[in-house]
Each structure stands twice: as structure tokens, then as C-alpha cells.
S.K.: 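Would you mind keeping the following structure in view while I ask a few things?
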Amino acid sequence: MVANMTSLAENTGDRGVRCHQVARTALGLVLRRLETETADGVVSIERVRKIARTLASDGALLSACCGRMEQECAADFSARRYEGMRHNYFGRIAVCPFAGLLSSGPEGIDRGHLPQFFTALRMMLGNETHARLEAQCNEGAASHRGLGRRIDWQGFYNDPAMLAAYEAVLVAIARSFSRFEARSDWMLTIMNSNPKGGLKFTTGHQFLILGAMLAPDRIGKFFRADRAGFTGRWGEAPEKLFGPILAGLGTLEQN
């Protein structure tokens, strides 16, 4: 049995490290309490049960034991989530236009809302298109990885395939917002579906994100030099496709 347990521990590595710490702390508390209750090194099973019930109902003790661990767990999960985002190359392409607004004070975009933004984006694109663009961006990142596996980010963002992926994102968003008011309400619901620390995503935040993504330097070429190419790729003129969402953003800006 001991050999099997050792093997299991070796296979699991450091997974659940915080839970291990909680278990060790709890077992330590129980052991110390049992040591004070022994009679010639023996504790009756009834006494063990009573001690377990007492400890389990001691709210102050449990809070002291678990409170800090809960905070550390939350910090660990947050760190892992953002570490994963650093390797979300498709996410980088989508977020790049408003990256400078992330966590820039109360008027900026809190990073805690990014998971909901990615969820909304996936729903607007559809799973198949999202998976294709994700694979496209992963391949793009790999092609721009150089010495020390570092990525040439300037080359990555200016890669024609990455610009095409971003164009597909813009088209999906514009088509989704053809009825701006209804889709705006939907997006606010999604973005506030899992708030972190009570942070609320507002119409002001929505304007910042969409305004940055659809800024003139991002879509201006579709109306001028690449107008014919854009219309051929998407079957709609840029005025028709982007008209409703740009008009809606104008309304948000006035409010």
C-alpha cells in the first residue's frame, strides 16, 4: 500500500499544491489536539470522534486556517489564467488594439474581463471559425519564433496572415452588431457574467474596446485602397458592413 501511494504521489507531481497544504495543516491541528487528549499514548475512538466534531464546528479556527489559503489559491488560479493568456496568440491579435487601455485606472479595461471578452468573441465567430483562426495565429507565432524561442512580436502583428485573422474578427463583430442596441445589451450581459471583485463592465468600457478595434487606422484601408478587395472577400461593401456598428458607436460616444 505504501509503495502504491508513493507511486501515485510521484505521478501527480505538484498538482493541487495548495490543497496539499490545507490537508497538512488540518492534519497537524488534529494531531496536536489528539496529543493533548492521550492517556498513556491512547485515545479512544469516541474521543477522536468528539474532537473531530469540535474542530469541524470551530468557525474561528477554520477561518484562521483556511482564509489565507483561499487567498493564495485565488492568486494561483489568476496567475495561471494570465499565463495561459500570454500564449493565446489569437487573443493577442484581437486585444492588440486596446492593449494600452488594460488596467489603466478606473476608466480603463480591467484584465479580469478578458476571459468574458474571449467568450463573446468565440460566440460571434462561431466555434469552427474561431478554431481555424486560433490555429492560424498559433502557426504565425511559431513562424516568428527565433533564438531562445522568443517571438518577434512586430513581425507577428504585421504578418499578412495575422492581419487577415484580425480582419475576420472585425467582420464577425460588425455582422454581429448589425442590430447595435440589441447586441450591445447582449455583450454587456456576457462581459458581466463572471465579474471579478465586483468590477462592472459598462457601456463606456464597451465603447473603448469597440472604438479601438474599429479605429480609422484599423479599417480605413477597407474604404479606400483595399475597398474592391474587401468587397470581394466578404461579399459586402465596407460601408454596408461597418455602417451599423459605427453609427452605434457614435451614439455611445454622444452618451
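As the structure is a computational prediction, the values presented were derived from the model and not from experiment.
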S.K.: With a 4.5 Å heavy-atom cut-off, do Asn88 and Val95 have their side chains touching?
M.R.: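 No, too far: nothing below the 4.5 Å cut-off.
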S.K.: Please check if the side chain of His205 supplies one atom and the backbone of Gly108 the other of a donor-acceptor pair under 3.5 Å.
M.R.: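 It does hold such a pair.
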S.K.: Report, one line per pair, each donor and acceptor closer than 3.5 Å where one atom sits in a side chain of residues 215-225; sequence neighbours left out.
M.R.:
none

S.K.: Ala165: what forms a side-chain contact (heavy atoms from CB on, under 4.5 Å) with it, not counting sequence neighbours?
M.R.: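 Result, side-chain contact (heavy atoms from CB on, under 4.5 Å) vs Ala165: Leu133, Gln136, Cys137.
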S.K.: Would you please indicate if the ring centroids of Tyr89 and Tyr157 are separated by under 6.0 Å?
M.R.: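 Centroid distance Tyr89-Tyr157: not below 6.0 Å, so no.
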S.K.: Starting at CZ of Phe90, measure out to CG of Asn138 and round the result to the nearest 0.5 Å.
M.R.: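 That separation rounds to 10.5 Å.
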S.K.: Take Leu102 and Asp110 through the test side-chain contact (heavy atoms from CB on, under 4.5 Å) and record every step on the way to the result.
M.R.: CA-CA 6 Å; Leu102 293 174; Asp110 192 275; over 6 Å; no
S.K.: Could you note down all residue pairs passing salt bridge (Lys or Arg N to Asp or Glu O under 4.0 Å) where residues 234-246 supplies at least one of them, sequence neighbours left out?
M.R.: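 Non-adjacent pairs meeting salt bridge (Lys or Arg N to Asp or Glu O under 4.0 Å): Arg175-Glu236, Arg227-Glu239.
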S.K.: Can any side-chain N or O of Asp152 pair as donor or acceptor with the backbone N or O of His144 at less than 3.5 Å?
M.R.: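 Side chain of Asp152 to backbone of His144: no pair is present.
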S.K.: Enter the distance from Leu214:CG to Leu170:CG here, rounded to the nearest 0.5 Å.
M.R.: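 Result: 5.5 Å between the selected atoms.
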S.K.: Quick check: closest heavy atoms across Phe117 and Ile209, and the distance to 0.1 Å?
M.R.: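 Heavy atoms of Phe117 and Ile209 come nearest at CE1-CG2, 3.9 Å.
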S.K.: Between Asn192 (side chain) and Leu188 (backbone), is there a donor-acceptor pair under 3.5 Å?
M.R.: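 Answer holds: yes.
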S.K.: Kindly say whether Ala174 contributes a backbone atom to a donor-acceptor pair with the side chain of Ser178 at under 3.5 angstrom?
M.R.: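 Side chain of Ser178 to backbone of Ala174: no pair is present.
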S.K.: Could you measure the distance from the OG1 atom of Thr231 to the CG atom of Leu241? Nearest 0.5 Å is fine.
M.R.: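 The OG1 atom of Thr231 sits 9.5 Å away from the CG atom of Leu241.
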S.K.: Can Trp153 be reached from Leu163 by stepping across I, L, V, M, F, W or Y side chains whose heavy atoms are under 4.5 Å apart?
M.R.: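 No, separate clusters.
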S.K.: State whether the side chain of Arg145 and the backbone N or O of Ile151 hold a donor-acceptor pair below 3.5 Å, judged by distance alone.
M.R.: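 Pair absent, no side-chain N/O of Arg145 close to backbone of Ile151.
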S.K.: Just verifying a value: how many Å separate Thr203 OG1 and Leu210 CG, rounded to the nearest 0.5 Å?
M.R.: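 Thr203 atom OG1 to Leu210 atom CG measures 11.0 Å (nearest 0.5 Å).
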S.K.: State which residues pass salt bridge (charged side-chain N to carboxylate O under 4.0 Å, His left out) with Glu167; sequence neighbours excluded, sorted by chain then number.
M.R.: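 With neighbours one apart ignored, the set is Arg233.
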S.K.: Give a yes or no on whether the backbone of Ser184 and the side-chain of Gln206 come within a donor-acceptor separation of less than 3.5 Å.
M.R.: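 Yes, because the side chain of Gln206 sits within donor-acceptor range (under 3.5 Å) of the backbone of Ser184.
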S.K.: Might you point out which heavy atoms bring Leu125 and Thr129 nearest each other, and give the distance in Å?
M.R.: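 Residues Leu125 and Thr129, closest heavy atoms: O-CB, 3.5 Å.
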S.K.: Work out which heavy atom in Ala161 is nearest to a heavy atom in Asp159; give both atom names and the distance.
M.R.: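 Closest heavy-atom pair between Ala161 and Asp159: N-OD1, 2.8 Å.
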S.K.: Under a 3.5 Å distance rule, please check whether Ser193 uses its side chain to pair with a backbone N or O of Ile190 as donor and acceptor.
M.R.: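 Yes; judged by distance alone, with no hydrogens or angles, the pair exists.
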S.K.: What residues, two or more places apart in sequence or in another chain, satisfy ring pair (Phe, Tyr, Trp, His ring centres under 6.0 Å) together with Phe180?
M.R.: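 Partners of Phe180 by the ring pair (Phe, Tyr, Trp, His ring centres under 6.0 Å) criterion, ordered by chain and then number, come out as Phe177.
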S.K.: Could you go step by step and tell me if Ile245 and Arg183 meet the side-chain contact (heavy atoms from CB on, under 4.5 Å) rule?
M.R.: CA-CA 10 Å; Ile245 191 171; Arg183 183 54 73 173; over 6 Å; no
S.K.: What's the shortest heavy-atom distance between His113 and Lys200, and which atoms?
M.R.: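 Shortest heavy-atom separation between His113 and Lys200 comes out as NE2-C, 3.9 Å.
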S.K.: Ignoring hydrogens, what is the shortest heavy-atom contact between Gly140 and Ser143? Give both atom names and the distance.
M.R.: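 The pair with the smallest heavy-atom distance is O-OG, 2.7 Å.
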S.K.: Between Leu249 and Phe207, which heavy-atom pair has the shortest distance, and what is it?
M.R.: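 Closest pair (atom of Leu249, atom of Phe207, distance): O-CE1, 3.5 Å.
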S.K.: Is the cationic atom of Arg179 (NZ for Lys, CZ for Arg) positioned less than 6.0 Å from the six-membered ring centroid of Trp186 and within 45 degrees of its normal?
M.R.: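 No, Arg179 does not lie over the aromatic ring of Trp186.
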S.K.: Quick one: CE on Met123 to CZ on Phe118, what's the gap to the nearest 0.5 Å?
M.R.: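 Between atom CE of Met123 and atom CZ of Phe118 there are 15.5 Å.
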S.K.: So, Thr119 side chain and Pro115 main chain: donor-acceptor pair closer than 3.5 Å or not?
M.R.: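 Pair found, side chain donor or acceptor close to backbone of Pro115.
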S.K.: Under the rule for ring pair (Phe, Tyr, Trp, His ring centres under 6.0 Å), what residues qualify as partners of Tyr166, not counting sequence neighbours?
M.R.: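 None.
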